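Presented below is the structure to which this report refers.
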Number of protein chains: 2
Amino acid sequence: MSNGSPTFTGSNAEQTRRHNRCVVLGQIRRAGSMGRAAMARASGLSVQAVSNIIASLEDEGMLIEAGQRSRGRGLPAPQYALNPNGGYALGFEVRPESISATLLNLMGELHHSERKTLRDNDPESVCHQLRQQMSRMLDSSGIDERLLLGAGVVMPGPFTLTGLANTASVLPHWQDIDAEKLFSNALSMPVLVENDANAAAVGEHVSGCTASLSNYAFIYFGSGVGLGVVHQGRLFRGGSGNAGELGHILVPAPCAVGQSLAGVSNRMAPLESIASRSSLLQHLKDAGLGCSTDQQLESLAAARNPELQRWLDKASAALSHAVHVVENLFDPDTVVLGGALPDPLLAELVKGISLAEHSTAQRKDRLMPRVLRGHSGDLSAARGGAALVINGLFTPQTLS
Amino acid sequence: MSNGSPTFTGSNAEQTRRHNRCVVLGQIRRAGSMGRAAMARASGLSVQAVSNIIASLEDEGMLIEAGQRSRGRGLPAPQYALNPNGGYALGFEVRPESISATLLNLMGELHHSERKTLRDNDPESVCHQLRQQMSRMLDSSGIDERLLLGAGVVMPGPFTLTGLANTASVLPHWQDIDAEKLFSNALSMPVLVENDANAAAVGEHVSGCTASLSNYAFIYFGSGVGLGVVHQGRLFRGGSGNAGELGHILVPAPCAVGQSLAGVSNRMAPLESIASRSSLLQHLKDAGLGCSTDQQLESLAAARNPELQRWLDKASAALSHAVHVVENLFDPDTVVLGGALPDPLLAELVKGISLAEHSTAQRKDRLMPRVLRGHSGDLSAARGGAALVINGLFTPQTLS
DNA sequence: CTTGTAAGTTCAACTTGATTGAGTTAATAA
DNA sequence: TTATTAACTCAATCAAGTTGAACTTACAAG
């Protein structure tokens with residue numbers, strides 16, 4: 001959400017240490033466990049530097065010794081691994097009528113979650129609710145508050161440089177509010193605010209199918225459709241934090257059933273009018289099938305309901321077009337579909353996507369399928385919120 | 001072009017100094033000239049640190065004193081500015097049949113340029129040619145070779161993780177070659193290799209309409225259409241360096257003249273089949289107008305040739321669609337159109353673009369028009385190559 | 001005309017954190 | 001048993017940023 005020209009900040013020994021801590025933690029996370037020498041090789045740091053950093057991380061409880069490994073000759077190296085419960089992060093998804101909360105540990109494992117309906121959604125009420133949910137989750141999980149490293153709050157955008165904007169339609173009373181500062185004060189810890197797609201994208205990185213990737217795109221099904229792009233391990237947020245409005249791009253609107261990628265059509269329509277949860281519900285409603293809960297959707301899917309199938313065909317065609325655009329513009333190592341849809345539906349959508357054959361994405365050296373299914377369900381955004389905090393531990397920040 | 005998971009590198013005092021040098025240089029560049037105290041405030045560094053860095057930069061000839069400025073009370077601060085000729089960068093654009101070369105100074109000013117046709121375009125011949133062009137340009141400009149900070153080479157992609165790939169169709173003999181290493185050895189200096197759109201995008205930042213922006217998208221007209229995205233002052237390159245294939249995205253193909261954004265059509269076609277230099281030449285050829293040089297195109301434009309006008313209408317409509325996609329996915333502060341087209345044509349295209357009204361891009365607080373015209377002409381990529389090097393001086397690198 | 005204050009700079013001592021090199025330990029190979 | 005190798009620890013060194021006191025100049029107030 002920075003604007004104007006790039007104003008970078010100076011660094012010093014303290015920042016250097018922070019950076020190197022992230023590097024070391026990130027390597028341990030990826031490898032599972034490592035010895036000092038291996039980390040030194042991988043990071044380019046001296047063994048001594050790694051040793052000092054490990055000592056302090058062990059003091060703080062973030063690392064634990066995990067046996068010794070001797071590869072051939074030489075002194076067996078003590079291995080270090082993340083202490084899964086060496087720290088926790090809170091994740092919240094604030095919606096107009098409810099708040100979902102999650103609690104993740106360092107490994108990205110879900111320790112606790114709850115969803116509460118929201119009577120009022122003005123800033124003060126939301127803060128009150130967040131504090132309450134935090135307390136309840138700490139109580140029922142028995143986790144020491146001091147182990148909380150921060151919180152990530154997922155909110156509907158769009159954002160401005162200093163706060164939220166135009167949310168009047170979705171969340172009244174939130175215009176031009178610096179939500180990060182507000183929540184940070186309310187919860188007495190560092191807080192990150194993001195949109196649902198970005199959070200979910202990072203959630204997939206912390207625990208999901210993109211844990212080993214640093215370049216990927218995540219198509220998120222909320223009420224609309226969003227895109228979260230991770231580039232070199234960091235979120236692509238755009239000039240004002242509103243990048244990834246995939247639902248707004250125009251795709252060929254199907255006039256009949258199941259058009260292929262370059263198919264014949266006579267109208268363009270926003271992707272989210274064809275391939276989103278609300279478009280699905282609308283489609284079913286139009287067909288005389290009142291349906292709203294995930295369970296109902298799942299049973300329709302299990303029964304291979306023909307109306308559902310029709311929607312899937314149309315949605316897949318539209319998504320194929322969108323994936324094509326995403327592949328060509330972002331060059332991700334993979335495209336993940338996830339979010340607030342039942343898993344079987346996501347699976348069908350992934351299966352239904354037809355990819356262009358002639359594309360730079362059709363490389364020989366690719367490690368991953370071009371399209372994958374990620375976290376699904378209505379917690380994926382809230383979990384992603386917490387993941388933002390966890391991911392921050394492993395990803396050196398650019399000194400903006 | 002990194003793949004797999006994010007493997008960040010450790011930092012140390014030396015890296016810190018490199019980073020802070022970039023920060024300081026960047027601030028001086030943006031402000032034109034500054035005193036030490038102002039830089040310290042802007043960077044968060046101590047005055048002493050800034051002072052040390054300035055001393056070393058002045059020693060190296062990158063900075064010069066630029067008078068004193070007294071703002072109110074206190075000791076008048078000596079101002080420092082970039083020494084425009086404190087360093088130079090080479091830029092090359094390698095095409096199948098020719099190489100364009102440029103020489104830029106620290107301010108991004110073009111000191112020299114030349115274009116040579118290429119007899120053979122195998123790696124060895126190209127290296128030989130580059131060395132020759134470098135010598136000639138150094139001779140005729142009288143610049144000391146030691147002032148060369150590096151070179152940027154623009155080549156057609158696509159790229160693989162370690163080299164070029166699939167370029168067989170465009171440049172034979174270049175498969176899987178590590179071009180950066182090859183050129184770096186040939187020229188005895190650091191070399192960066194990029195595609196045309198990315199280079200041109202950075203060129204616009206070093207000297208052009210986006211000098212003051214850190215988030216923008218650059219639509220580049222080469223033979224096809226490319227997109228260069230600058231995010232937080234750095235290029236968005238994608239997982240394998242092939243991001244920004246804007247020309248491949250499908251847009252509604254016009255069946256008649258001048259369709260509007262969501263207009264009626266019955267076919268989708270790649271953007272570059274409608275709005276690129278080669279599509280223009282094809283269109284004119286189909287209309288019986290043999291035309292190839294920029295001059296011929298300019299005179300057609302001056303004469304308001306109706307066939308040209310027809311192409312402009314179709315191209316503008318297609319570009320409107322593309323700009324809509326780019327705005328929604330990348331959230332740039334502005335979209336720049338530039339590249340190898342005559343200036344008047346670019347101007348017409350910019351004028352012809354119709355923007356969606358309801359968009360997050362339609363913000364109140366925007367500093368820039370949503371669409372701008374950037375560098376044009378056949379040197380814009382080669383100049384961008386040199387700009388990659390210059391820009392690197394002002395932009396701290398993420399320790400990958 | 002003198003004096004006080006503010007802003008910018010410089011000098012020297014200090015601190016942080018990474019690097020270097022010598023020495024120690026343990027496992028394998030000869 | 002001994003040599004070799006890998007991993008680690010300790011202590012000294014070094015690079016670079018920070019801190020605080022002193023110095024310089026310009027403006028403002030008395």
Side-chain angles (χ1 to χ4, degrees), chain A residues 8-25 27-28 31 33-60 63 65-81 396-397 399, chain B residues 8-25 27-28 31 33-60 63 65-81 396-397 399:
Chain A
F8 297 103
T9 313
S11 182
N12 55 25
E14 198 182 337
Q15 302 282 341
T16 300
R17 171 58 82 107
R18 213 195 313 277
H19 174 98
N20 289 344
R21 266 177 59 117
C22 286
V23 170
V24 166
L25 274 174
Q27 280 168 347
I28 294 176
S33 70
M34 275 179 118
R36 300 169 217 257
M39 289 182 230
R41 280 190 298 268
S43 64
L45 290 169
S46 63
V47 177
Q48 194 51 237
V50 170
S51 221
N52 293 336
I53 290 168
I54 287 197
S56 95
L57 286 172
E58 210 180 358
D59 270 1
E60 298 167 39
L63 288 187
E65 265 197 67
Q68 303 208 331
R69 176 172 302 176
S70 99
R71 284 182 286 282
R73 288 185 181 178
L75 195 150
Q79 302 294 107
Y80 290 87
Q397 303 306 303
L399 306 177
Chain B
F8 297 102
T9 314
S11 182
N12 55 24
E14 197 182 338
Q15 302 282 343
T16 300
R17 172 59 82 107
R18 212 194 313 278
H19 174 98
N20 289 342
R21 267 176 58 116
C22 285
V23 170
V24 165
L25 274 174
Q27 279 167 348
I28 294 176
S33 70
M34 274 179 117
R36 299 168 216 257
M39 289 182 230
R41 278 190 300 266
S43 64
L45 291 169
S46 64
V47 176
Q48 195 51 236
V50 170
S51 222
N52 293 335
I53 290 168
I54 287 195
S56 95
L57 287 172
E58 209 179 359
D59 270 1
E60 298 167 40
L63 288 187
E65 267 198 65
Q68 304 208 329
R69 178 172 299 177
S70 103
R71 286 182 286 280
R73 288 185 181 179
L75 194 150
Q79 301 295 106
Y80 291 87
Q397 303 306 304
L399 307 177

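Owing to the predicted nature of the structure, the values given are computational and were not obtained by experimental measurement. Quick note on labels: first sequence line is chain A, next is B, and so on, each numbered from 1.
Extent of DNA chain D lying under 4.0 Å from chain A heavy atoms, first and last nucleotide in 5' to 3' order, is D:dT4 to D:dT18.
Remark: B:Leu57 engages B:Arg21, B:Val24, B:Leu25, B:Ile53, B:Met62, B:Leu63 in a side chain to side chain contact (heavy atoms under 4.5 Å, CB included) (not counting sequence neighbours). Legend: residues meeting side chain to side chain donor-acceptor pair (under 3.5 Å) with B:Thr16, ordered by chain and number and at least two apart, are A:Thr16. Every side chain to side chain contact (heavy atoms under 4.5 Å, CB included) that B:Ala42 has, sequence neighbours left out, goes to B:Gln27, B:Met34. Taking the salt bridge (charged side-chain N to carboxylate O under 4.0 Å, His left out) definition, one finds that B:Glu65 meets it with nothing, sequence neighbours left out. Under the rule for a side chain to side chain contact (heavy atoms under 4.5 Å, CB included), B:Arg73 has no partner lying at least two apart in sequence or in another chain. Contacts of A:Ala81 classified as side chain to side chain contact (heavy atoms under 4.5 Å, CB included), with partners at least two apart in sequence or in another chain: A:Ser33, A:Ala66.
Annotation: proximity of residues 47-55 of chain A to DNA chain C (heavy atom, distance under 4.0 Å) is found for A:Gln48, A:Ala49, numbered in ascending order.
Between the CD atom of B:Gln79 and the C1' atom of C:dT9 there is a distance of 13 Å, rounded to whole Å. Rounded to whole angstrom, the span from the CE atom of B:Met39 across to the C1' atom of C:dG8 amounts to 12 Å. Residue B:Met34 contributes atom CE, which lies 16 Å from atom P of C:dA7 at whole-angstrom precision. Rounded to an integer number of Å, the gap from B:Arg71 CZ to C:dT5 P is 23 Å. The distance from atom CD of A:Glu14 to atom P of C:dA18 is 12 Å, rounded to the nearest whole Å. Between the CZ atom of A:Arg17 and the C1' atom of C:dT19 there is a distance of 13 Å, rounded to whole Å.
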Identify each atom pair where a protein N or O and an N or O of nucleotides 26-30 of chain C are less than 3.5 Å apart, giving names and distance.
residue : atom : partner : partner atom : Å
C:dA27  : O4'  : A:Gly74 : O            : 3.3
C:dA29  : O4'  : A:Arg73 : NE           : 3.3
C:dA29  : O4'  : A:Arg73 : NH2          : 2.6

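Residue pairs meeting the side chain to side chain donor-acceptor pair (under 3.5 Å) criterion with at least one member in residues 45-57 of chain B, sequence neighbours excluded, are B:Arg36-B:Ser51. Sorted by first and then second residue, the salt bridge (charged side-chain N to carboxylate O under 4.0 Å, His left out) pairs involving residues 9-19 of chain B (not counting sequence neighbours) form an empty list.
Dashed line: the shortest gap from a side-chain N or O of A:Asn20 to OP1 or OP2 of C:dA18 is under 4.0 Å.
Mapped onto DNA chain D by nearest heavy atom, A:Ser11 and A:Arg36 fall at different nucleotides, with A:Arg36 at the one closer to the 5' end.
For A:Ala13, the side-chain atoms get nearest to C:dG17 when compared with the rest of C:dT10, C:dG8, C:dG17.
Smallest separation of non-hydrogen atoms from B:Gln79 and B:Gly35: OE1-N, 3.5 Å. Taking all atoms of both residues into account, the shortest heavy-atom contact from B:Ser11 to B:Leu399 is CB-CD1, 3.4 Å. The nearest pair of heavy atoms linking A:Ser43 to A:Val50 is OG-CG2, 4.3 Å.
Across all strands shown, B:Arg41 has heavy atoms under 4.0 Å from sugar-phosphate atoms exclusively, and none from any base.
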